[in-house]
> 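I'd like to ask some things about the structure below.
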Amino acid sequence: MPLALVTGASAGIGRAFAESLARRGYDLILVARSTARIEALARDLAASHGVRCDTWTSDLASEAGREETAARIAALPRLDLLVNNAGFATTGKLSKILLDPQMDMLRLHVLAPMRLATAALPRMIEQGAGGIINVSSIASFLYGPGNVNYSATKAYLTSFSLGLDTEVRGAGVRVQALCPGFTHTEIHTEMPHVKRQIPGWLWGSAERVVETSLRQLAAGGPVICIPGTRNRILRRLLTLLPHALRRRLAVRKRKR
Ligand SMILES: NC(=O)c1ccc[n+]([C@@H]2O[C@H](COP(=O)([O-])OP(=O)(O)OC[C@H]3O[C@@H](n4cnc5c(N)ncnc54)[C@H](OP(=O)(O)O)[C@@H]3O)[C@@H](O)[C@H]2O)c1
C-alpha cells in the first residue's frame, strides 16, 4: 500500500487529507502536537478503511520537533506522499502583536516544510516517484496590513514549490503548492471577526479543497492548485492589477 505523511492532521484541512487518503487506500503517518486527537483519528481510519495508521506527536515549530520528524522520515523505507499542511494564522499589525507567534509562524510555515521535504526527497528520487503537497494559501498572492507575516510565509511556500518542481519533476516527483481560499476549519476559532467580515459565498469546505488537490496532483496538473472557481478568478484579477493599485486597495480596505 502507498504511504502518506500528513502534518497538522489533527484538524481542518490536514484531517480531511488523512480521511481522503485513507479512503484511497493509503497507509498513513499523522503528525501534530495533540496526541489524543491524532491517535483517535488513527484508530477510526484504521477501523473504517483497513489501513495502517501511525501517529508521531511533534511540535514542528521547534527545532527538536522538526529534526526528529525529519530523521524519522529519512529512515522510512518508502514514502509516496508528504503533505506539509501544519499552520496557523494571526491578525494584527506586526508592530503591535506578540513576536513569539510570528517567529513560530516562520518556523512552521517556512522551515518545517523545507526541512521535511529535504528528508523525504532522496527516497522519492530513488523510487522515481512521489509527491509533495505544500499547503500554501491564496494569501500568498496578496498582502495587506494585519496579515503581513502570514502572506509572506505563504508566498515562500508557493515560490518554494514552483522552484522545487523544476528540480525534481524529471526524477518522477510531483510538487504542488495548494492555495486554498477561506475554508471552514479551526484556524479562525480565535478570530471570530474573520467569519463575520468575509461573505459566506467566499468560504469552502476542507473536503472540497483536498479532493481538488489530490485530483490535480494525480492528473499531473499545474504546480499551483487553487480550489474553487471564485478563488481562481479572484487570484487572476488581483495579479492583473498593477502593484501600486493593489497596494492602495489593501491599505484603504484596512482603514475602513
Ligand atoms: N482554513 C483556511 O481558511 C485556510 C486557507 C488557506 C490556507 N490554509 C492553510 O491550511 C493549513 C491547515 O490549516 P487549517 O485551516 O486546517 O487549520 P486548523 O484547523 O487550525 O488545523 C491546523 C493544524 O496544524 C497543526 N499545527 C499547528 N501548529 C503546529 C505545530 N507547531 N506543530 C505541528 N502541528 C501544528 C494543528 O494541530 P495541533 O494543534 O494538534 O498541533 C492542526 O492539526 C495551514 O497551513 C493554513 O495556513 C487554511
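Side-chain atoms are counted along with the backbone in the values below, which use heavy atoms only and exclude waters and symmetry mates. Read the numbers this way: they start at 1 and go in the same order the structure lists the ligands and their atoms.
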> For R24, does the CZ atom sit with more than 12 other heavy atoms under 6.0 Å from it, leaving out its own atoms?
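Yes, enclosed.
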
> Ignoring hydrogens and angles, state whether a donor on the side chain of T118 or R115 is under 3.5 Å from an acceptor on the partner side chain.
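Looking only at side-chain atoms, R115 and T118 do form a donor-acceptor pair, the distance falling under 3.5 Å.
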
> Considering only non-hydrogen protein atoms, determine which one is nearest to atom 25 (C) of ligand 1 and report residue, atom name and distance to 0.1 Å.
G8 CA, 3.5 Å

> How far is atom 21 (O) of ligand 1 from its nearest protein heavy atom, and which residue and atom name does that atom have?
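Answer, as residue, atom name and distance: A11 CB, 3.8 Å.
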
> Identify, by atom number and element, the atoms of ligand 1 in contact range of V135, meaning under 4.0 Å from any of its heavy atoms.
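Selected atoms, number and element: 9 (C), 10 (O), 11 (C), 45 (O).
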
> Tell me whether ligand 1 is touched by R107 - counting only heavy atoms on the residue side and a distance under 4.0 Å.
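Per 4.0 Å heavy-atom rule, R107 does not contact ligand 1.
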
> Looking at every heavy atom in both T55 and E39, which two are closest together, and how far apart are they?
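Minimum heavy-atom contact is OG1-CG, 3.7 Å.
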
> Looking only at heavy atoms, is any part of K154 under 4.0 Å from ligand 1, and if so is it the side chain, the backbone, or both, or is it neither?
side chain

> In ligand 1, which numbered atoms sit nearer than 4.0 Å to a non-hydrogen atom of L60?
30 (C), 31 (N), 32 (N), 33 (C)

> Compare F182, F88, W56, Y150 and give the one whose heavy atom is closest to atom 46 (C) of ligand 1.
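That would be Y150.
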
> Identify, for atom 19 (O) of ligand 1, the protein heavy atom at the shortest distance, and state residue, atom and that distance.
E186 N, 3.0 Å

> Assess, by modelled atom type and distance only, whether the side chains of Q176 and S213 contain a donor and an acceptor separated by less than 3.5 Å.
yes

> Around atom 20 (O) of ligand 1, find the nearest protein heavy atom and jot down its residue, atom name and distance.
I187 N, 3.3 Å

> Is there a donor-acceptor contact under 3.5 Å linking the side chains of T7 and N84?
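Distance-only check fails for T7 and N84.
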
> What protein heavy atom sits nearest atom 35 (C) of ligand 1, and how far away is it?
A86 CB, 3.7 Å

> Do the charged groups of R66 and E63 touch, with an N to O distance under 4.0 Å?
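Salt bridge flag = no for E63 with R66.
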
> Counting from 1, what ligand 1 atoms have a heavy atom of G87 closer than 4.0 Å?
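Listed by number with element, the hits are 22 (C), 24 (O), 27 (C), 44 (C), 45 (O).
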
> Just go through N85, T57, I13 and tell me whose heavy atom is the nearest to atom 11 (C) of ligand 1.
N85

> OG of S62 to CD of E67: how many Å apart, nearest 0.5 Å?
9.5 Å

> For the pair R23 and E211, find out whether any cationic side-chain nitrogen is under 4.0 Å from an anionic carboxylate oxygen.
yes

> Show which atoms of ligand 1 fall inside a sub-4.0 Å distance from at least one heavy-atom site of S58.
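The atoms of ligand 1 under 4.0 Å from a heavy atom of S58 are 32 (N), 33 (C).
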
> With under 30° as parallel and over 60° as perpendicular, where do the rings of H188 and W203 fit, or are they tilted in between?
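H188 vs W203 ring planes: perpendicular.
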
> Hey, mind stepping through Q102 and T90 against side chain to side chain donor-acceptor pair (under 3.5 Å) and telling me if it holds?
CA-CA 8 Å; Q102 301 308 309; T90 57; 3.0 Å; yes

> What atoms of ligand 1 come closer than 4.0 angstrom to any heavy atom of A9?
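Those qualifying, in numeric order: 43 (O).
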
> Give yes or no for whether the N/O distance cutoff of 3.5 Å, strictly under, is met between A32 and ligand 1.
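No, there is no polar N/O contact under 3.5 Å.
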
> Can you sort out which atoms of ligand 1 are near H188, meaning under 4.0 Å from one of its heavy atoms?
1 (N), 2 (C), 3 (O)

> Flag yes if L81 and V135 sit in one hydrophobic cluster, no otherwise; membership is Ile, Leu, Val, Met, Phe, Trp, Tyr, and two members link when side-chain heavy atoms are under 4.5 Å apart.
yes

> Would L106 and L116 show up in the same hydrophobic cluster when neighbours are defined by side-chain heavy atoms closer than 4.5 Å?
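They do share one cluster, since a chain of ILVMFWY contacts under 4.5 Å joins L106 to L116.
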
> Taking atom 4 (C) of ligand 1 as the point of reference, which of G181, A61, S137 owns the nearest heavy atom?
G181

> With a 4.0 Å heavy-atom cut-off (strictly under), which part of L108 contacts ligand 1: side chain, backbone, both or neither?
side chain

> Answer yes or no for T7: is there a heavy-atom contact with ligand 1 below 4.0 Å?
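No, T7 has no heavy atom closer than 4.0 Å to ligand 1.
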
> Quick one: look up the protein heavy atom nearest atom 3 (O) of ligand 1 and list residue, atom name and how far away it is.
T183 N, 2.8 Å

> Identify, by atom number and element, the atoms of ligand 1 in contact range of D59, meaning under 4.0 Å from any of its heavy atoms.
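What qualifies from ligand 1 is 30 (C), 31 (N), 32 (N).
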
> Using a 4.0 Å heavy-atom cut-off, which part of A89 comes near ligand 1: side chain, backbone, both, or neither?
neither

> Please identify which atoms of ligand 1 are closer than 4.0 Å to at least one heavy atom of S10.
36 (C), 37 (O), 38 (P), 40 (O), 42 (C), 43 (O)

> Is the distance between the ring centroids of H109 and Y150 under 6.0 Å?
yes

> Around atom 15 (O) of ligand 1, find the nearest protein heavy atom and jot down its residue, atom name and distance.
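Checked against all protein heavy atoms, atom 15 (O) of ligand 1 sits closest to T185 OG1, 2.6 Å.
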
> Regarding atom 7 (C) of ligand 1: of the candidates P113, G65, S34, S136, which has the closest heavy atom?
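Of the listed residues, S136 has the closest heavy atom.
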
> Return the option from R33, R15, H184, R66 holding the heavy atom at the smallest distance from atom 39 (O) of ligand 1.
R33

> Answer yes or no: are there more than 12 heavy-atom neighbours, outside M191 itself, under 6.0 Å from its atom CE?
yes

> Is it true that R37 and E186 make a salt bridge, defined as a side-chain N closer than 4.0 Å to a carboxylate O?
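Counted as a salt bridge, because a side-chain N and a carboxylate O are separated by less than 4.0 Å.
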
